[in-house]
Amino acid sequence: IYIDQLPTTLKQLRELLAQGEGPQFGKLAHRLKGESGAVSLKTAWDLAYTMEKAGKENRLSDIDEPFKQFETLAPTFEAELRKYMETLGT
């Protein structure tokens, strides 16, 4: 599910950031953080945590960098998760 929903989640986050909706961005980043943690993606969790905190505090300027990093690393997160799933036989 994480892999399937990630592109949509990133699109929604991008839109919320463009609209200046920090608190809503923070709520969605919170969900992304939980999902990242549930699948043991530590770097994704760390970035989502940073985005969540900045969003909830409406510090939009502090969201840009971690969000860009997350978007850049998203294919790596997906690859790591797929590799992990292969070891489980799923």
In the structure I gave you, are the side-chain heavy atoms of [X] and [Y] within less than 4.5 Å of one another anywhere?
X	Y	result
Asn58	Leu60	yes
Thr87	Tyr84	yes
Glu80	Lys83	no
Gln19	Gln24	no
Arg14	Phe67	yes
Thr50	Asp62	no
Leu73	Leu47	yes

- More than 12 non-hydrogen atoms from neighbouring residues, nucleotides or ligands closer than 6.0 Å to OH on Tyr2, yes or no?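 Buried by this count: over 12 neighbours within 6.0 Å.
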- Can you tell me if NZ on Lys27 sees more than 12 non-hydrogen neighbours from other groups inside 6.0 Å? no
- CG/Leu17 to CG/Leu10 distance, rounded to the nearest 0.5 angstrom? 12.0 Å
- Query: What's the spacing between Glu35 CD and Ile3 CD1 if we round to 0.5 Å?
  - Reply: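 One finds 12.0 Å between CD of Glu35 and CD1 of Ile3.
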- Do Glu86 and Arg82 sit within salt-bridge range, that is, some charged N less than 4.0 Å from a carboxylate O?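 Here Glu86 does not pair with Arg82 in a salt bridge, since their nearest N and O are not under 4.0 Å apart.
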- Message: Using every non-hydrogen atom in the two residues, find where Met51 and Ile63 come nearest and quote the distance to one decimal.
- Response: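 Distance-wise, the nearest heavy atoms are O-CG1, 4.3 Å.
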- Task: Of all the heavy-atom pairs spanning Gln12 and Leu28, show the shortest one and how long it is.
- Result: CB-CD2, 3.5 Å
- Message: Tell me whether Trp45 shares a hydrophobic cluster with Met85, the cluster being built from Ile, Leu, Val, Met, Phe, Trp, Tyr side chains joined at under 4.5 Å.
- Response: no
- Under a 4.5 Å side-chain heavy-atom rule over Ile, Leu, Val, Met, Phe, Trp and Tyr, are Tyr49 and Leu32 clustered together?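 Per the 4.5 Å side-chain linkage, Tyr49 and Leu32 are not co-clustered.
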- Given Arg31, Lys33, Arg59, the one that forms salt bridge (charged side-chain N to carboxylate O under 4.0 Å, His left out) with Glu52: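 With Glu52 as partner, Arg31, Lys33, Arg59 yield a single salt bridge (charged side-chain N to carboxylate O under 4.0 Å, His left out), made by Lys33.
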- Query: Taking the six-membered ring for Trp, are the ring centroids of Phe77 and Phe70 within less than 6.0 Å of each other?
  - Reply: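 Yes, close enough.
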